[in-house]
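Below is one structure, written out as structure tokens, with a few remarks after it.
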Amino acid sequence: MNLFGTDGIRGTYGSTLNDGTAFLLGKSLAFLGDCPIVVIARDTRTSGENLFSALTHGVYAGGGNVINLGILPTNAVGHFVRKLGADYGVMITASHNPPVDNGLKVFDRYGVKMCASKQDVISKMMTSLKEEKLTGGKVFEPVFYDIDNIYCEDVLRLFDVNLSRMNIALDCCYGSAYKVAPLVFTKTGANVSSFCNSKQGDKINVDCGATHPEYLLKHMQSGKYHLGFSFDGDADRLTVYEGNKIVPNNKVFYAIAKYLSAQGKLMHNAVCGTVLTNGGLEASLLKIGVALERTDVGDTNVFQGMVKQGLNFGGEESGHYLLCDYATTSDAIINALFLCKIYKEAGSLLKYTAECTDSPSQSLNIEITAANASIATRDGLDLAAGRIKSLYPECRIVLRKSGTENKIRAYVEGKQAEEAMEQVAATFASKSPRLN
């Protein structure tokens, strides 16, 4: 049984995810290495301290050692695994999920999130071990000295970007970027206005951040900002604003691909998306000579697809963008800086991407209940998608079970997307809100 979902092991703390899970993961990683070093960071969630302590107990119980990065974005784990020559890395976070949730994202020695085969090995090790009652109290492993500044300086060395005389707004969503994001942008010379930039884990992602773009938009409409950026809990998702407008995620993807292609820096002049990447974006990319490869949903799948095809840029419609010349996973701070660079050279992200248009589409999150659980299986979803496809043959229909929540994710694309989505909703008898 693979304990990993789309992006790590995730659940509601104290219920589907507990300290025992973290302990077993730590012990398993230690057993799979030879006195391994495990780099650990976390976001601001209140449950993070307990999970860190349990995870550390597990690593020590298996004969390993821990380096505590404290509160830093997810990509910092992959970065410092490589920089410090560690064996594994773990990010304690539930990303964009609400404060009651938490999770464990695991990295290998190359700073890359575990692939499916490695996830299976770890899952089997965890299930083979007996859960132990934790004794000895919390582990208060000291944070690696001056790690915030070290990470900021490492990020700023990646590429030259001078943002003097630019007004930048940041929504840190009380998450892992609450401290380092304002620090990074201040060091570029920008005039920075930061919101939700304090350590309040009980507010993480609550009506703010990348999944609630209206929060920062409201603040930007009352000021003269050039650009704005919203991060999620672990700072791997990004929402982008120009002036008082949101730059749609597909245009963000297109801007990065177009710029890299124009600079001659886009490997094989191709990019990697997912089954949910909009067909309009794909058509727009083709017009500038850029091909789109697709994978299953999840930035781990995107990364593996990029490796297989030898590509250096990919991403998801959710706001994950993988610039693999600079990071091994999506880093919203790095991505934001790169977009600032494009903005400075092009003058406007919106104008730079004006020719990129989306095909009509509809998205829906459907709660899995006792009433629809029987068709929420892989075979059931395939059958449902096939039936609806027969009614609307020109539509592209994707039905999948979420890897992070107890929901079905539905996506329909085409001229009759709205009608087809009504059939999807009726099939699962859902009253879930539609997401446009």
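Residue numbers start at 1 and run along the sequence shown.
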Exercise. For Gly315 and Val302, which heavy atoms make the closest approach, and how far apart are they?
Worked result: N-CG1, 3.7 Å
Exercise. Any Lys/Arg nitrogen of Lys187 or Glu153 sitting under 4.0 Å from an Asp/Glu carboxylate oxygen of the other?
Worked result: yes
Problem set entry | CD/Glu214: more than 12 non-hydrogen atoms of other groups inside 6.0 Å | yes
For this session: Please tell me if the side chains of Gln309 and His268 come closer than 4.5 Å, counting only heavy atoms from C-beta onward.
Result: no
Problem set entry | Side-chain donor/acceptor of Asn312 to backbone N/O of Met267, under 3.5 Å | yes
Exercise. With a 4.5 Å limit on heavy-atom distance, are the side chains of Tyr259 and Leu266 in contact?
Worked result: no
For this session: Please report the shortest heavy-atom distance between Ala177 and Ile333, naming the atom on each side.
Result: CB-CD1, 4.3 Å
Exercise. For the side-chain contact (heavy atoms from CB on, under 4.5 Å) test, which of Val139, Val90, Val59 pairs with Val66?
Worked result: Val59
Exercise. Is Lys179 salt-bridged to Asp148, going by a charged N under 4.0 Å from an acidic O?
Worked result: yes
Exercise. Between the main-chain N or O of Pro182 and the side-chain N or O of Ser194, is there a donor-acceptor pair closer than 3.5 Å?
Worked result: no
For this session: For the residue pair Asp43 and Ile204, establish whether any side-chain heavy-atom pair is separated by less than 4.5 Å.
Result: yes
Exercise. More than 12 foreign heavy atoms under 6.0 Å from CZ of Phe144: is that the case here?
Worked result: no
For this session: Could you please spell out the steps behind the side chain to side chain donor-acceptor pair (under 3.5 Å) verdict for Asn162 and Ser164?
Result: CA-CA 6 Å; Asn162 184 336; Ser164 58; 3.0 Å; yes
Problem set entry | Near-ring test Phe313/Phe253, centroid separation under 6.0 angstrom | yes
Problem set entry | Charged N-O contact under 4.0 Å between Arg45 and Asp101 | no
Exercise. Are side-chain heavy atoms of Leu381 and Arg378 found at a separation under 4.5 Å?
Worked result: yes
Problem set entry | For Arg294, side chain to side chain contact (heavy atoms under 4.5 Å, CB included) partners two or more places apart | Thr277, Glu282, Leu292, Arg396
Seminar exercise, completed: For Leu72 and Ser176 the tightest heavy-atom approach is O-CB, 3.4 Å
Exercise. Would Val271 and Leu311 satisfy side-chain contact (heavy atoms from CB on, under 4.5 Å), going step by step from the backbone distance to the final call?
Worked result: CA-CA 6 Å; Val271 295; Leu311 308 181; 5.6 Å; no
Problem set entry | pair Ser95-Lys105: side-chain heavy atoms closer than 4.5 Å | yes
Problem set entry | Atom of Cys272, atom of Thr295 and distance for their closest heavy-atom approach | SG-CG2, 3.5 Å
Seminar exercise, completed: Heavy-atom nearest pair, Asn102 first then Ser47, reads ND2-OG, 2.7 Å
Problem set entry | Distance in Å, His226 NE2 paired with Arg165 CZ, rounded so as to fall on 0.5 Å steps | 10.0 Å
Problem set entry | Any donor-acceptor N/O pair, Gln423 side chain to Ile388 backbone, under 3.5 Å | no
Exercise. Between Lys199 and Tyr178, is NZ or CZ placed under 6.0 angstrom from the six-membered ring centre and within 45° of the ring axis?
Worked result: no
Exercise. How far apart are the C-alpha atoms of Leu25 and Ile122, what are their side-chain angles, what is the distance that settles it, and do they pass the side-chain contact (heavy atoms from CB on, under 4.5 Å) test?
Worked result: CA-CA 8 Å; Leu25 173 62; Ile122 294 171; 3.7 Å; yes
For this session: To the nearest 0.5 angstrom, please state how far the SG atom of Cys172 sits from the CZ atom of Phe195.
Result: 10.0 Å
Exercise. Do other residues, nucleotides or ligands put more than 12 heavy atoms under 6.0 Å from Lys245 NZ?
Worked result: no
Exercise. Can you check side-chain contact (heavy atoms from CB on, under 4.5 Å) on Val106 and Phe4, steps first, answer last?
Worked result: CA-CA 10 Å; Val106 187; Phe4 291 73; 3.8 Å; yes
For this session: Start with the C-alpha distance between Lys265 and Asp325, add both sets of side-chain angles, then the distance that settles salt bridge (charged side-chain N to carboxylate O under 4.0 Å, His left out), and finish with yes or no.
Result: CA-CA 10 Å; Lys265 296 179 179 179; Asp325 291 335; over 6 Å; no
Exercise. Going from CG on Asp236 to CG on Asp7, what distance comes out if it is rounded to the nearest 0.5 angstrom?
Worked result: 6.5 Å
Exercise. Side chain of Asn68, backbone of Glu141: donor and acceptor closer than 3.5 Å?
Worked result: yes
Problem set entry | side chain to side chain donor-acceptor pair (under 3.5 Å) between Asp19 and Asn50, intermediate numbers included | CA-CA 7 Å; Asp19 296 346; Asn50 288 341; 4.7 Å; no
Exercise. Which is it for Tyr174 and Ser198 under the side chain to side chain donor-acceptor pair (under 3.5 Å) test, yes or no, and what are the steps along the way?
Worked result: CA-CA 5 Å; Tyr174 304 108; Ser198 58; 5.4 Å; no
Problem set entry | Carboxylate-amine/guanidinium contact Lys118 Asp108, below 4.0 Å | yes
Exercise. Are any of the side-chain heavy atoms of Leu281 and Cys356 separated by less than 4.5 Å?
Worked result: yes
For this session: Check for a donor-acceptor pair, side chain of Ser230 on one end and backbone N or O of Pro213 on the other, with a separation under 3.5 Å.
Result: no
For this session: Would you confirm whether Thr21, through its side chain, and Leu17, through its main-chain N or O, come within 3.5 Å as a donor-acceptor pair?
Result: no
Exercise. Of all heavy-atom pairs between Leu216 and Tyr241, which one has the smallest distance, and what is that distance?
Worked result: CD2-CE1, 3.5 Å
Problem set entry | Non-neighbouring partners of Phe159 that pass side chain to side chain contact (heavy atoms under 4.5 Å, CB included), sequence neighbours left out | Val161, Tyr326, Ile334, Leu337, Phe338, Lys341
Problem set entry | Pairwise side-chain contact, Asn335 with Phe229, heavy-atom cut-off 4.5 Å (strictly under) | no
Exercise. Should the pair His79 and Tyr151 be assigned to parallel (<30°), tilted (30 to 60°) or perpendicular (>60°) ring geometry?
Worked result: perpendicular
For this session: Any chance you could measure Ile37, atom CD1, to Leu29, atom CG, to the nearest 0.5 Å?
Result: 13.5 Å
Exercise. Are any of the side-chain heavy atoms of Leu51 and Arg42 separated by less than 4.5 Å?
Worked result: no
Seminar exercise, completed: side-chain contact (heavy atoms from CB on, under 4.5 Å) test vs Val192 passes for just one of Asn197, Thr186, Leu163, namely Thr186
Exercise. So, the side chain of Asp171 versus the backbone of Gly209: is there a donor-acceptor pair under 3.5 Å, distance only?
Worked result: yes
For this session: Report the distance from atom CG of Asn250 to atom CG of Leu285, rounding to the nearest 0.5 Å.
Result: 9.0 Å
Exercise. Between Val240 and Leu339, does a side-chain contact (heavy atoms from CB on, under 4.5 Å) hold up when you go through it step by step?
Worked result: CA-CA 9 Å; Val240 182; Leu339 289 162; 3.7 Å; yes
Exercise. Out of Asn278, Asn249, Thr274, which residue meets the side-chain contact (heavy atoms from CB on, under 4.5 Å) rule with Glu317?
Worked result: Thr274
Problem set entry | Note: Lys258-Glu355 ion pair, threshold 4.0 Å (strictly below) | yes
Seminar exercise, completed: In this structure, CG of Asn97 is separated from CG of Asn205 (nearest 0.5 Å) by 7.5 Å
Seminar exercise, completed: The side chain to side chain contact (heavy atoms under 4.5 Å, CB included) partners of Thr46 (sequence neighbours excluded) come to none
